[in-house]
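Remarks on the structure that follows.
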Amino acid sequence: MRFIFTETQAMSNYHFNDIEKKWQEYWAKNETFKASNTSEKPKYYVLDMFPYPSGAGLHVGHPLGYIASDVYARYKRHKGFNVLHPMGYDSFGLPAEQYAIQTGQHPAQTTTVNIEGGTDKQGNKIAGYRKQLDQIGFSFDWSREVRTSDPGYYKWTQWIFIQLFESWYDEKANKARPVSELIEHFATEGNTTVQATCDEDVTEFSAEIWNAYSETEQQEVLLKYRLTYLAETEVNWCPALGTVLANDEVVNGVSERGGHPVVRKKMKQWSMRITAYAQRLLDGLTTIDWPQPLKDSQTNWIGRSEGATVSFKVLPSGEDLGGDFTIPVFTTRPDTIFGVSFMTLAPEHELVSKITTPEQKAEVEAYVEATTKRSERERIADVKTISGAFTGAYAEHPFTKEPIPIWIGDYVLAGYGTGAVMSVPCGDQRDYDFAKHFDIEIPNIFDGVDISEEAYSDKENTKITNSDFLNGLNYKKATKTAIYELEKLGAGTGKINYRLRDAVFSRQRYWGEPFPVYYKNGMPQMIAAKHLPLHLPEISEYLPTEDGQPPLGRAENWAWDVEKLSVVSCELIDNETVFPLELNTMPGWAGSSCYMFRYMDPNNDDALASKEAMQYWENVDLYLGGSEHATGHLLYSRFWVKALYDLGHLQVEEPFKKLINQGMILGESAFVHRIGYNILFWANDKPEGKTISRGAHGTSKVLTDTQKDALSSLQEKYRIIENYFFSENLIHHFKKKNNDNEESKKIRGAVDNLVFKNLKSELEEIGVQDKVTFQFHGLLNKYNFYKTHAPIEYVNDKNVLDQEKFKNWQEQYNDSTFYTDSDEKFYVSREVEKMSKSKHNVVSPDDICERFGADTLRLYEMFLGPLEQAKPWSMAGITGVHSFLKKLWKLYHTGNDGAFEVSATGASKDSLKTLHKTIKKVEDDIENFSFNTSVSTFMIAVNELTAQKCRSREVLESFLILISPYAPHIAEELWSKLGHSASISEAPFPKFEEKHVKESTKEYPISFNGKMRFTLELPLDLSKDEIETAVMAHEKTAHYLEGRTPKKVIVVPGKIVNIVG
RNA sequence: GCCUUGGUGGCGGAAUUGGUAGACGCGCUGGAUUCAAAAUCCAGUGACUUCGGUCGUGCGGGUUCGAUUCCCGCCCAAGGUACCA
C-alpha cells in the first residue's frame, strides 16, 4: 500500500528538473528560436546588453534583464512577430588581462573557459556562461552568437576604425565625408573654404602651399581633420606599475593596487572626434524612446552652452616677457565682462610656464606639481578646499584696458573649454570663493544686488550696472550687446560650446582589439581592409615593457611588411618596407558600439552585415541594460552609428529605438568584526602628551633608534588584533555611548587582557619597561573597529556564521577565536552592496535552478520588484513562487491519483471572468514592463481557478499561453499534455473580451470628511443623485453623521462617495 | 560638489488619471493532517486602543471635499561623474 501511495504521488508531482531539461533539449534540437532574415511576419528585435564573461560566472543579478527581455521576446512571438533575440559576449576586457598577469594564462584561454566551461590552470571548475544561460531557458538564437575577441568579429571593429580614419566632418553638409574628398579640396582650394570639425591649431593654407607640402606634412595636416586622430591627452600615469589607470583605480593620488604614486601625464593617443556629432547626438535624443533620466544624463554629458569666446592679451611684464600671448576663454556670461577682476588658468595650461614671473616661479611650480597628484574628479568634487597661485602676470581687459591678474587654480580643468576662465567673482560662486580666499577685488556689476555674502548667479532678474555700454540692460540684451562689441573689437565672438570632449581611444593594454595601424615616418598608416583581421600577437608576459611601453611592445612579431602584406618580426623593421605596428589596443567600448548590426548577419565575411539583413532588421526595437552605460557605451554607440550612416554603411541613424534600464540586483554582504587598539607611548623624558609617533620620529634621548622602531611596530601590531572576532551584537553594544553592559565587558575583557598581558613582557624584551609610559584605558576612541567580508555561503538566513567553515576558508583564519553572543552563536552584520566576487556575496543561479527550477528562478526574479529599480537579493520568498508553480501544476492534475485532467465542457462564468481579467492585466503589464505585478496576477488567477474547481480546457489552455513567456518549461509540458505536438512558443496570444469582466454593481466606499467608514454595494448604472439618495438613506450614514447636516456630498460614479460636514 | 533615482508593515513590494493605503508573496501566530517530520490545507496578522475609535506611506509645510500620488523646503540611501564593463 505504502509503495503504491508514493508512486502515485510521484506521478502527480511537478518534476521541474526533468521537465526543464526535456524542453531545453527540444528547443535546441528543433531550433525553435532561430530567427529568419526573411519572413512574412513583422519583425521585432529584442537585444540585451551582452555580458563580459568573467571567471566568477553568472550571478543572479545578470539574468534579471535577460529574463525580462526573454519574457518580452516570447510575448512578441505569441503576438505574431518574427523575433530576433540574440546573445553574445563582450569578451575583451581588463579582468581577463589582470588574471593573465597574475597567473600567466592567456586571456583567450581563460575567456573561452569562462564561456564554454572547463577547468582553469588553478584547478577551479568553471561552469561557463553558456551552460548557465542555457539552464535558465532563454529563447536566444544561439546560431548568431558573437564574441568581440573573436578575430572574425574584431575584423569589423578594425574595419570601422579605418572608416573613421578615412573620414572628416563637413560642417556645411553636416555629415561625415571621405578624406579623399578633402584632399581634392585642399589641392584645388586650400583649406580656407572648408568648414570642418578639426583641431584648434590648424593654420590656413592655399592650394599652392598644400601641393608643396611633403607627404608627411600633408598627413600631419589631415590628421587634424580625421574622425579618429592622434593627439596628446592627459592620463593617470602610474610609473611604478608602468601603466595608465582609470580614475576609479586611483584613490587619494595613489594606485588602488599597491598604493603607488600616480601623476597626470600627457601621452600621444588615438582620439575619436565625437565632438563633431555633439549637436546631432543631442537632436537625436528627441527621436528615441528612452527613459528620461538616461536622456538627461546624455544631455548633461554633451553639455551644450551658448556664450562667447573672449581673447585676453597678456600684458608684458618683467624682462623676458614678450607680451605676444593671448588667452582665449569661453564664457556663458559675456554680459558680466565688466565684472572680471582676475583670470584663472588650469595649472596644466600651456601658457603657465611662459607667463609666470621669476618671483612667482617657485610658488607656481610647486602648485602645478601638487595639482598633478589630484585626480580630475577630486578637483571637481572638492569645492571646500580653495587653492591656487598667482603667476605674477597680467592680462588686459578688452574694454577697460585695465590690467587683470592671472592666477592658476585647480578648479579649472585643462580639458574643459579652453582651460582658462575669465573670473567674475560677483556672478560665479567658485570665482567668488577664490577671490575671497586670495583677497582679490570683487566688483559688483549687478544693480541693487547685495554680494557681500555670496555671488549672484541669477540670470532672469539681472540688471547690469558699472559696465559702460551695458548699463541698464538685462541678461539677454547685455549678452547680445557684449558679443556685438567684442566682435567689433576683434576680441571675441559668439560661440556654442559643448562640454563633451573627444573620446580617448587608446589603451595601454594587451587584451583588446589591435589597431590596424603601422607608422611610417612617425605618421600612422592604415592596413588595407582586405588584409584584416590583424590578429592580436602572442606575448610572453602581459605586463608593460620595462621602458614603459604597452604590453604589445613585448611581441616579437609585430611589424608590418608593406611588400609581403603581412605581420613580420620586429627585427626586420627598416622603415623602408617594414614598419612598426601600433602598440596600443582599443578600449572596451570599441567592440560593443556596433555589435547589434553584426547579429543581423553574424557570419558574413564581406561586410559587417549584408544590406538585405540590415534593411529587414533596421535597428533594435527594444534594448535592455543597466543605466550605468548611459554616457559610455550608449553615447559612443550612437556616435559610431551616425558616422557609419553618414558614410553610407548603415541605413539607420540610431541604434536603439526603445530602451529600458534594468536595476541592479544587489548582494547582501556579511561582515565579521575585529577590534584594534590605539596604544600611545611616551618617553619618560618627554612632557606628557608628546607621544612617540609612528615611524619613531620621537626626539627622546633615553631611547635608542632601535627601541623607537620596536615601539612603533608594537603599536602597529595592536592596531588591529588579528584572529579575534566578535559577534555583531557585542560590537553593537560596545559602540554605544554608555557601554557599561555585559557585552562590552566581554569585549574589554578579551582585548584588554590580551594586550595588557603581553605588552608588559614585550616592553621588557625591548628593554624600555622603565623608560616609557603607555596610555591604556577603555576610552572608546582608543579602539579601532574593523570589518571584513565573510563568504555569504558560510552564513545562514539568521545571520549565524559557521565558524568552522570560516576558519578553514583561508589559512590566516585557521587560529581564529570567536566571541559569541549570549546564545553561543556568532552573528555577522549585513550590508547591501553590489554583487561581486571580491565582496564574497555572489549568489549563483545554478543552485536555484537545481533546487527550485528555472521557471521558479524566472518568476522569482520578475516577482522581486520593478525591473528598473535596484533591489537586494534575498532567498526569502522564493518558496512562495515555487509553491505557486506547484499549485499551477495541480490545477491541471485533478484526476484520480493526481492524473492529468481537463474537460471539454464549457467554462463557468466565474472562470471566464478570471481568465479575461488576467489576459487584460498581463497584457497591460508586459507592454508597460511591469513584470512583478504580472506574477501577482498569475497567483491570484491560479488561486481563483483552483477555488472554482475549473477544469475547462478552453480556460486552462489560454491561461498556459499567458504564463508561457514567464515560465516556459512548465507551459510547454502542460501544453503537450493538452495534446499539442508543436511548441507553445508561437501559439497566438488569447484575445481579451470585455463582456466576460463587465460588472453590474460597485462596492462604493463611503467616506466622511475623506475617511472611509463603510462600503455599500450599488448598481453601476445609478445616477449621481440616485447614489446620493441611497447613501443618505442608509442607516450607517446617520450613525457617522452623529446628527450633523452634511455641507456637501461628493459623488464620483463608479469611484467614491465623500460626505463633508 | 554636480546629475539621476529611490524612501510605504517584521521583509520584497501593490495602489495604472488625486478617490477603500498595505493587493500578491515571505515571515510570524493558531489550527487540521501525521507515530513524527517535511509537504499540504484552513484562519489570523500595520501600530495603539477605554473596542467608541485614534494614528499611520522619510521629515516640515502647502493646495484639495479627499494626497503614497500635485507644489515648496529639508534629511537619508543608491547609481553615474569621461581608462571597470
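First the proteins, then the strands, lettered A, B, ... as listed; each starts at 1.
Annotation: Arg851(A), atom CZ; neighbour count of heavy atoms from other residues, nucleotides and ligands within 6.0 Å does not exceed 12.
Rounded to a whole angstrom, the distance from the P atom of rG13(B) to that of rU8(B) is 8 Å. Rounded to the nearest Å, the gap between the P atom of rU49(B) and that of rU54(B) is 16 Å. The gap from the P atom of rA43(B) to that of rC24(B) amounts to 12 Å, rounded to the nearest Å. Nucleotides rG80(B) and rG25(B), compared at atom P, are 35 Å apart to the nearest Å. Comparing rG61(B) with rA14(B), their C1' atoms sit 28 Å apart, to the nearest whole Å. Rounded to whole Å, the C1' atom of rG27(B) lies 23 Å from the corresponding atom of rU33(B). The P atoms of rG7(B) and rC51(B) are separated by 38 Å, rounded to the nearest whole Å. For the C1' atom pair drawn from rA23(B) and rU68(B), the interatomic distance equals 15 Å after rounding to whole Å.
Here the side chain of Thr631(A) is nearest to one of rA85(B), rG6(B), rG80(B), namely rG80(B). Checking rA14(B), rG25(B), rC83(B) against every side-chain atom of Thr933(A), the shortest atom distance belongs to rA14(B). Nearest nucleotide to the side chain of Arg499(A), out of rC83(B), rU20(B), rA82(B): rA82(B). Nearest nucleotide to the Thr1015(A) side chain, out of rU20(B), rU81(B), rC24(B): rU20(B). With rU20(B), rC65(B), rG27(B) as the candidates, the nucleotide lying closest to the side chain of Glu1003(A) is rU20(B).
If you check distances only, the side chain of Lys890(A) never reaches the base of rU40(B) with a donor-acceptor pair under 3.5 Å. At a cut-off of 3.5 angstrom, counting only N and O atoms as typed in the model, there is no donor on one side facing an acceptor on the other between the side-chain of Asn300(A) and the base of rC3(B). Interface remark: the Glu628(A) side chain does not form any donor-acceptor pair with the rC84(B) base, using a distance-only criterion of under 3.5 Å.
Applying the 4.0 Å criterion to OP1 and OP2 of rA39(B), one finds that Tyr14(A) has every side-chain N and O outside that range. Between rA14(B) and Asn932(A), a contact under 4.0 Å exists linking OP1 or OP2 to a side-chain N or O. Checking the phosphate oxygens (OP1, OP2) of rA82(B), no side-chain nitrogen or oxygen of Arg501(A) falls inside 4.0 Å. Under 4.0 angstrom from either OP1 or OP2 of rC55(B) there lies at least one side-chain N or O belonging to Lys1011(A). Side-chain nitrogen and oxygen atoms of Asn584(A) include none within less than 4.0 Å of the OP1 or OP2 phosphate oxygen of rC83(B).
The pair Arg264(A)-Glu234(A) meets the salt-bridge criterion, with a side-chain N (NZ, NE, NH1 or NH2) lying under 4.0 Å from an Asp/Glu carboxylate O.
Summarising the base pairing, rA78(B) is matched to rU4(B) through a Watson-Crick or G-U wobble pair whose two defining distances lie under 3.5 Å.
Atom CE in Met875(A) sits roughly 13 Å away from atom C1' in rC26(B) (whole-Å rounding). Rounded to whole Å, atom P of rC84(B) lies 19 Å from atom CH2 of Trp511(A). Atom CE of Met939(A) is separated from atom P of rG12(B) by 17 Å (rounded to the nearest Å). Put simply, CG on Leu867(A) is 16 Å from C1' on rG79(B), counting in whole angstrom units. For the pair Glu97(A) CD and rA85(B) C1', the interatomic distance rounds to 14 Å; values are reported in whole Å. As rounded to whole Å, 12 Å separates atom P of rC26(B) from atom NE2 of His882(A).
If you check residues 264-276 of chain A against RNA chain B, the residues with a heavy atom closer than 4.0 Å are Gln269(A), listed by number.
Counting non-hydrogen atoms under 4.0 angstrom, Lys1047(A) reaches nothing in the nucleic acid. Using a 4.0 Å heavy-atom cutoff across all strands shown, Glu868(A) reaches no nucleic acid atom at all.
The ring pair (Phe, Tyr, Trp, His ring centres under 6.0 Å) with Tyr860(A) is formed by just one residue from the set Phe884(A), Tyr966(A), Trp873(A); it is Trp873(A).
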#### Entry: Verdict with supporting geometry, Val942(A) and Lys890(A), side-chain contact (heavy atoms from CB on, under 4.5 Å)
CA-CA 10 Å; Val942(A) 166; Lys890(A) 264 194 195 160; over 6 Å; no
#### Entry: Working for ring-ring contact (aromatic ring centres under 6.0 Å, His included), residues Tyr153(A) and Tyr595(A)
CA-CA 9 Å; Tyr153(A) 179 90; Tyr595(A) 76 117; 7.8 Å; no
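Without hydrogens or angle criteria, Tyr99(A) side chain to Ser54(A) main chain gives no donor-acceptor distance under 3.5 Å.
Judged as a side-chain hydrogen bond (donor to acceptor under 3.5 Å, both in side chains), and not counting sequence neighbours, Ser874(A) has no contacts.
Looking at heavy atoms from C-beta onward, Tyr636(A) lies out of side-chain contact with Met272(A) at the 4.5 angstrom threshold.
Note that Arg638(A) lies in the cation-pi zone of Trp290(A), set by a 6.0 Å cut-off to the ring centre and a 45° limit from the axis.
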